[in-house]
Every structure is written in C-alpha cells, then in structure tokens.
Amino acid sequence: MHTLKGSIVVAATLAAGCTGRIEAPSEVDPSVQGSGSTGSGSTGSGATGSGATGSGATGSGATGSGATGSGATGSGATGGSLGVGGDTGVGGASGTTGITSNCTPGVVPATTQLPRLTQAQYDNTIRDLVGLTTQPSTLLAPDTVGSVDQRAWDGYKAAADRVSQEIMADAAARARAIPCTPTTDTELACVQQTIATFGPKVFRRPLTAEETAKFEALYTGRVEITPTGTWDEAMQLILRSFLLSPSFLTRAETAEVPDGANFLLSPYEVASRLSYMLWSSMPDDALFAAAAGTALTTPEGILAEANRMLADPKARNTVAAFHAAYTKISSGASRWTSYMRDAALYPTFTTDMVPMMAAETQRFFDHVTFDAQGTFQDLLTSPVAFVNSSIAPLYGLSAASYGTDLTQVDLDPALRPGAFTRVGFLSAYSLFNRSSPILRGAFLQKAILCNDIGAPPDGAEGTSLPTDGLATNRERVDAMTSAPDCMGCHISIINPTGFTLENFDAIGAFQSVEKDTQAAINAQAIVPVGATEMDLNGPQALMAAIAASPYAQRCYAQKWVEFAYERTANPADACTVDDLSARMTQAGYKVVNLIADLTQSTSFRFRAKEL
Amino acid sequence: MKRRLFLKGVGGATLAAPFLSSLETPAKAEAPAAPKRLVIFYTQNGCYVNKWFPSVEDGALTAESLAGTTLAGLAPFVSKLLVPRGLGMFPRGQVTVNGVQYFDPHDQGMGSKLTCGPIDSGGDHWALQPSLDHVLAPLVNPGGKGPLVLSVGNSFANVKGIVSYTAAQEPYAPETKPANVYSSLTGLFGAGGVMTEADYRVRQGQSIIDLVDHDLQAFKRLNMSGADVKKVDDWLALLRETEIPVVSAACNADTATALGITDAELTAAGGSRGFTDTATAFTKGGDMMIKLMALTMMCDANRVIILQWPGFVTFNWDGIVHEYDHHGLSHRNGSAAVGGTCVTGVLDMIKQIDDWYASRYVKLVTLMDSISEGAGTMLDNSATMWLPELADGNAHNNNNLPIVIAGGAGGYLKQGVSVNLETGKTLGMGDSEGSCSGGEVGFGQFSNAGNVPINKLYVTLMNAVGATNAGMPITSFGACDTNKPEDGITKPGELDLLKNV
C-alpha cells in the first residue's frame, strides 16, 4: 500500500542545464495532428503529491499549473490545416548557438513516396472536388504515418461510402462529379466522360488506359455487382471506388526520372506539393493546367504559381494553422483554450473572453501576413489590434465604442508592439491570480527564440511562491527559483525575459503597480536574446530586440520549413533555413515572400533516390 | 477467396425476442464451437472498497454474499461470477527506469495495468510494452486483427486516458464514436441468410478489391524504401483479410435493430460527429457502446474488446447531481490536490458513482447472457471482467484489487465463487471509510495484502479464450511482476485456483 503525503518531488535528471546546448530534435512525427472532434480541454490533472496542483480548464486553478493537464483531443486549426497541429508537430528544438549551419547544398532528404491524406486534407479535398463540406474525416481513424491498419481501412471505407452517397444525393455535387445526364443510349458515353474528367481530379494526375478500363468495367458489369443494376447505382459504385483508391488516399510520388542523385518530381507531383503545402487541399483547375504544360518545370514557374495561390483565400487557413501552432494556440495541451481568473482581482474577466482573445491573436497574424503584407518583424512589432466590446477595456479602450465583432484599431506601439503584447498571449501565459514571468519568459525563449533550455525537473511546478518580505511578483519569482537546481535557467534566462512584461497583469491589461501590495513594477532586465545579453526596459525594447534577432528569425524560418515540408528539423533542410534566414534580414521581406520561397528549394522539386 | 464464402457449419439465426442467438445448429453439420472472448470493462479513480467486495472472501457466492454491496445488481448472475481476490498490479510505487524515478499513481495505474511493466520515467510517461489486448487479439481474432478498444465519450489523449498500447511508447487511442463502430460492422452484414457468391455484395467487394489491388501493385513495381515497401505490403495483406469473411447469419441489420441499434438511436447517442455533452455520452452513448459490443461479438468481428469509462467527469445524470468531478471526489477533497478537507458526504457520492458503473456492468452482462450460443450464452463463452485503474482512489493503491469476472470462457474458469489467491492470508477489503473519519482527508487502515501478480490472471484469461503459443499454452505475460523491472517475471504461469478442473 502506498500513501501519498505532502509533496512527492522525484529526483529527475535536469535536462542539461541552461547552456544553450543544441539538442538533437526529438523523433516526432510532424504529420500526426491534433485534428479531431473540436474538443476543449476538460479538467486537467496536475502532477501528484504536492498541494498546489491542478489547473483544471474548468477553473480549479490553484497556485501551480498542472503539469499534465490536457483536454480531449483538440482540433487542428479551422479548415485547411496542413496538419502540423499541436505539440508533436513543430519541433524547432535545434536552435543553434552562434548559428553555425550544417548546410550541404543539393542534398534532398529521403521522404516517403506514399504519404496519406490527413483528416484535414481529406475534408478539404472533398470540398474542392465536389463542394461538400460535411466533414467526412470524422469517420476516419486518427492520422498516423504508419501502414494502413484495419481501423484506418474501415474508416476509408465508411467515408467513401458516405461521400459517394452524398454526391449522388446533392444536385450540385453530382453535377461536378458527373458532367452529363444520359439517356439510356448515351449511358456508356457519359460513364466514359465522367471517368475522363473526374478521374484525373481524384487521382491528381492523368489516368492510365488500364485504370480507365477498370473503372469503366464497374459500369459494364453493373448487373452483377450492384443491387439492381441501375445507372445511379453504377455511378455511385464508381465514385466510391475512386475514393477508396490508394491513388486518391495517398499523395503518391512515383515518377522515376533521374536527375543526378535524385529523382525529378513530375509536374503533377509538384502541383500536389504546391496545393497541399499552401492550401492543404488538391490543385485547382489552373494548377492542373500548369501541370499539363511546362510551367512547373522551372523554379520561376513554380514561384509564379505559389504567389497566385498565396493570394487565394484558401491559403489563409493554412497560414493560420501555422501561426496557431507557432503560438501554441492549437497545441494538444494549449493554455489558450479555457481558464479561470480570480474574480476578486479580475472582476471584469469572463470565460467568454478567452476564445475571443485567441481569435484576436489569430486575426492579427492573418492581418499582418495578408492584409498588411507584413514582415516577420511586423508580427512582433505592429501596433494593430482587433477588439470588440468585451476585450476593448483590457486595452484601455471604451467598450461602448465597439460591437461584438472584432474591429481593427491601432494601439500605442510603445506599449503594445506585436502579437505577444496582445491580451491573448499575456493572459494565457499567466496564472489564476497573477502574471507569470516564468510562463511568458519560457515561451518566448523556447518557442520564439528557439533557445532550447530543456524541461523543468519533475515536481518543479509544485514549488510554492515565497511572499514574506517580498513586495513584487518579480522578487517572489526570483526567490522561488533561486535554488541551485533552478537558478541556471531561471535567474539569467527565463525570469528576466518575463520581467520586461510585468506591466501586464493576468488578463493582459496594463498595471503600473502590484495589485496586492501597490509596489511599483520594474520592467527593466538583462535579457539574453540569442547570443547577446541586452539591457531592456519594457515591452517595446523586448519585442524590438526579438524582432531584430537573427535567432528569432531563424527560428521562424525553421518552423516554416518543418511545417511546410511536414518533417522535423533535418540537416538536409539547413540550406533552406539558411537562405530564408538571410532574406529575412533584408528590409521588406514579407512573410508571404518567405512562404513562396519555400517552393524554391531543391527538396521541393526533387525526391531522394532510395539507398 | 471464393471457397471460404460457403458457410460450413454456421447456419441461420433465430431471432426470437428476447433471446437472440448468434449460432444455430444446422440440420446436418455438428454445432460449431462458439468463439471465446475477453471483454474488459474499465473504470478509473478507484471505488468505495468497504462496500464493493462480496462478503465471502473465499468460497461459494450466493445472492446474499452480494447483498448490500456495489455488486448487488449481479445477484441474478451470481452462479456465473468469479471474484479473484488478492491480486495486485506491478510495478507500482517509486520505480526506477534507466536510472530515473517517476511516480504518478494514475499514470501507472493506466500505463501498467494491462502492460504489466514500467512506464517511461520521462517524456509522456507512456508504457514500455504492449498491452494485453494487443498481445492477445492477433492470437485469437479472425484474420489476426487487433482488438476493439472503445471509450465512452472523449478521453484524454495522454497517459491518464490510455490503457491500450500496440507496443512500447505507442499508445492506442480508443474509438469514441458509436457510429464508427457500427459502420465497420455493416460491411459484414448479410441479407439474413447464408451469403453465397451469388450475392452482389460479394462480387462488388471483389471488384473493388481488384481495383485497389491494381493500384497497389503499381506501387510495388517502383524502387521504394523498405518502409514504403512495407506500407504497400501491409495494405495488400489487409485487402486479403477484408474479403467478405465467413460470418454468422445472425450478423445482419435485423439483429442490429433488435438490439436497439438504429440510425435514430446512433444519432441520439452522439452520431459520428462526437457528443454534445458528457451526460449523453455516458447514458445513451454508453448503452449504445454496450449494444455495439454485443453486435461485434455476434458478428465475430472481434474477440478482444475493451470499454473505457473516462475518469475526469462530473456525474450529472440518472439522478446523480454532483458538483465535483469523479477524480476530485476520489481524492475526497473535490480537487486534484492531495489532502485537505473531505467534501461533505463524499463517500456517499463515491458510492453513487460505483453503483452507477455497476449498473452499466450489469447491463453488459445481462445483454451477453440473453444471447444464446449453442448450449449456453454469449456470457458463458466469454470472460467479461470489470477491471479498475486503482483500488481506493484516495490511497491510489494497486494491491488487493476489486475485480469481478462474469462468464467462464466456455467452461475454463470456475463459476459462482470468490477465490482468495493469497492462500493463508486474510485480505480484508481495505478501508475507504477511514479516509474521512474526522473531516480531514486521511488514509484509513489499509491492508498490505493482495499482491498476487495480475500477470498470472492475464495468462489464465489468455488461455481461457484459446490463445496458444505455437500450439502450447501461454505461460507468462508482461515484462515484470515485482517492483524491480530488472527482475522480469518471477512467478510465471496461470492461477490454477481459478480454473475449472
């Protein structure tokens, strides 16, 4: 029998100190998503033992944050998630000290030739094929990179069943799949026409003569293989068979045209790479037309298509998915999803604000990227914000001036530069009754500067906050983390980063003094930004420093490479990251330019020959 | 493929309500043996141990042994029950893996319960070996397919919500949507009679398989990596397995309807789009999962089934109105913290939850016993086990586990008895009541007994449902049966005391 008394802090090896040591990226699978039913976290549970545990999403927040609290599987971003949702997707851990690169030009990493559509890609593809938005992916097994197993196959069968039924029952969808309405005499011709026009869209490439014949045989043999041998039954069977085909379910890369050490992708394969990267969906007619010609055989031609596609609204969903992962809004144990705040200290806070704060941040990224055609630096410094009557007061604006929809405003650039001075981040990375320089500082160092400082030792979250004789949150946090095992990461790296944001309280509103002691807040600190220690006072200085830091720029580029290429940090991609990072230092290099330039790498047009 | 469609020895069904039959002896051929199954009904957060166990620790069980306990609802089936007393899970407590210690009894209770080995002390704390269901299913399932793992409502996608593992560090998420379970069965439905080649479904299936196979063969001709070659081969092998299998004629849409599985009911239970609320998931969804489990077994689509009930829910249905979630109540103080003050009436609340789960277990057992199979029932041919994450949710202990098994797996297991496997020791029930004697949360007087490794129970169950190791009985399961993983299995073998000899 084992009793639990007091705190159980287990001795665990501390991840190699805060030396900025480069850690090998973890073996994570970038195509495993947090796509699933739109769950919001239910009650999390904290680590066992110590009294201060458990930040339940439904508000049982005590002083610690539950280490392992997580809700039900969260959803990938709305619509077109390219599929790297959540913690498991974006590695980004191989931050480099001194930014030395191991670029070997021309090396293309080995990739699978048979990547399967993710749930999100499946939904988008059906939407773009026939216009149905019924989310058949709920029938599919969770995304994996392994073999198709029984559960996956059952899911594909169920989805193909349902979608083919829905197509036949919906006049508009049916017309997109079957371009003719035959009389009895013209049925065969209509079948042939359907296979000839719909087939290449489903397979995303021209069909072979054999394939065409096999699908046609489903019609000619319909008496044997359908309930009563009618035209409708035959067509439904043909549609179902298309949707069950591996050539639909996988983005197969089969062309074997050698080019040096690699294989050159066929134009149709390039088209699929373009559309799934930028739209999380199949190519459109214009892209198919480009694939049929020579436009996709040169980097310039590919770039032209990429720019066209980035201007299409479908790109916004994919870019939103990236930024949702970058900010961890969409991560599996996201802090942004639902939390409570102490009503005594924050009487204006309501749980309704929480999703709106996340929505504002996502809107900000979308606006800067597309509407303002901004740069990475703009993401961190732009004073644009989106407010409604509920969250406007958090920015010191009058609620009466705004309605329920988010409206664009310009805030003071000295106080609110960029995404991480918006109330969403500041509030999500706070605690029940106080701001958290640790949560904010650790996030900015790890996720934005790619400074891999490792994880806290088990049970660290249960450490209590000393308050005797300490008037400010800043002093208390430093006192709490001054033990020898903690100070290496906290005193010189994590804490000072967060201290520069201490003028923002636990719901992201400005505060000049501590709420409990009225002590003045000091936001000046020596913050390590990449390899440089900088003396920074307040949010404007911090965000300007991060925006200008080659470490933050490289971190952003690296994460885009991983997201776009659906793989974790790979030495073979170092050249791409180098190139993009260099461009980011130039004034006026827009985020959309960076995304388009992802199509210009060698690994985008070639695939490695197998060993 | 064609030969297997002619159903030798598996005849038509009788659907005389209220008795459903999954087998009927055809005129000439001898009665086929019904398949044997392992069904696991899994709950979390422990229970009110003083009131859970039957009053008899070792000996024959009668309705009176169950009276006043959480198991009272099983009285009609007392002659088919086996209560194996004195079992404990290993490893548990502070276990060192690769020089690192980690201890969270919930992570362990979930991760080690069906894997009988340590969990990873770092990272996500996943289990380091496959679970019983994934080891057993390939040995007993048609086509060697994997188990059916279900959850009522959404469970956590982390170590606290996963009880099934395909391999080390490979959690296997449960299926939460009844409609998906149903749709994977409809492909097996016959028209109510024997399925022959003349059935268009057979030929249609053949055409589709032919098409998909053709597609995959084109991939096979390429020069691909070993990993991609395996993907193609695995898919081809799956195609061969999904050819229309020989199924009982009782596996059809009418049977589904007779069980209460209809489109309307599936939608009310949450459909395929997820649930609107936990109450619907637990009540309608839970009932529907139980029915789908029965249908799965009638169709012989799976012989290894787990039904998980997530632990972090607040009970607000069937007359129970709680303010705190089950996990918080199990800690007695209403939260995830340890210690503090007992919520007023917390033990009664825990008992309410235990009784509710017991009523679901009774529902499952009742349904299985109402389906005749040959001389007995589906219950007789199965071992349906109520397995808990913990014994007492406040002490978080994993010894002296409250376990009950209904059904004898076709005569393999003793019936109508409680068996004290720790011969010579008095086990006692443990003491949930002592945790709230003075308002402050304490731990009561717990017994240190009840440490017969649960590995041996699993070995017994594997043999009971017909698994073999190349024709020989299974002799061991799991990575270890003590708190020292490095010592491996020290007590292999079955529990002879549970066997019907």
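For the numbers below, each heavy atom of this structure counts, side chains included, while hydrogens, waters and symmetry mates do not. Every chain is numbered from 1, with letters handed out A, B, ... down the list of sequences. Note that the coordinates shown come from a computational prediction; the quantities given were computed from them, not determined experimentally.
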Mind ranking [options] by heavy-atom pairs under 4.5 Å with chain B and telling me who comes out on top?
{"options": "A:L140, A:I225, A:L218, A:L244", "result": "A:I225"}
{"options": "A:G155, A:S241, A:S247", "result": "A:S247"}
{"options": "A:S245, A:S147, A:G146", "result": "A:S147"}

- Charged N-O contact under 4.0 Å between B:R332 and B:D392: yes
- Task: In plain terms, say whether B:R203 and A:E224 are close enough for a salt bridge, that is, a side-chain N and a carboxylate O under 4.0 Å apart.
- Result: yes
- Of the backbone (N, CA, C, O) and the side chain (C-beta and beyond), which part of A:L237 lies under 4.5 Å from a heavy atom of chain B, both, or neither? side chain
- Query: Between A:R222 and chain B, which part of the residue has a heavy atom less than 4.5 Å away: side chain, backbone, both or neither?
  - Reply: neither
- Query: Out of B:A218, B:A173, B:P310, B:S183, which one racks up the most heavy-atom pairs below 4.5 Å with chain A?
  - Reply: B:A173
- Query: Top residue by heavy-atom pair count (under 4.5 Å) with chain A, among B:I208, B:L222, B:D234?
  - Reply: B:L222
- Using the ring pair (Phe, Tyr, Trp, His ring centres under 6.0 Å) rule, pick out the option among A:F248, A:Y156, A:F203 that qualifies with A:F242. A:F203
- Query: Does a side-chain heavy-atom distance below 4.5 Å link B:K230 with B:D233?
  - Reply: no
- Message: When you compare the side chain of A:F263 with that of A:E269, does any pair of heavy atoms fall below 4.5 Å?
- Response: no
- Applying side chain to side chain contact (heavy atoms under 4.5 Å, CB included) to A:T250 and not counting sequence neighbours gives A:L114, A:R116, A:A252, B:F219, B:W235
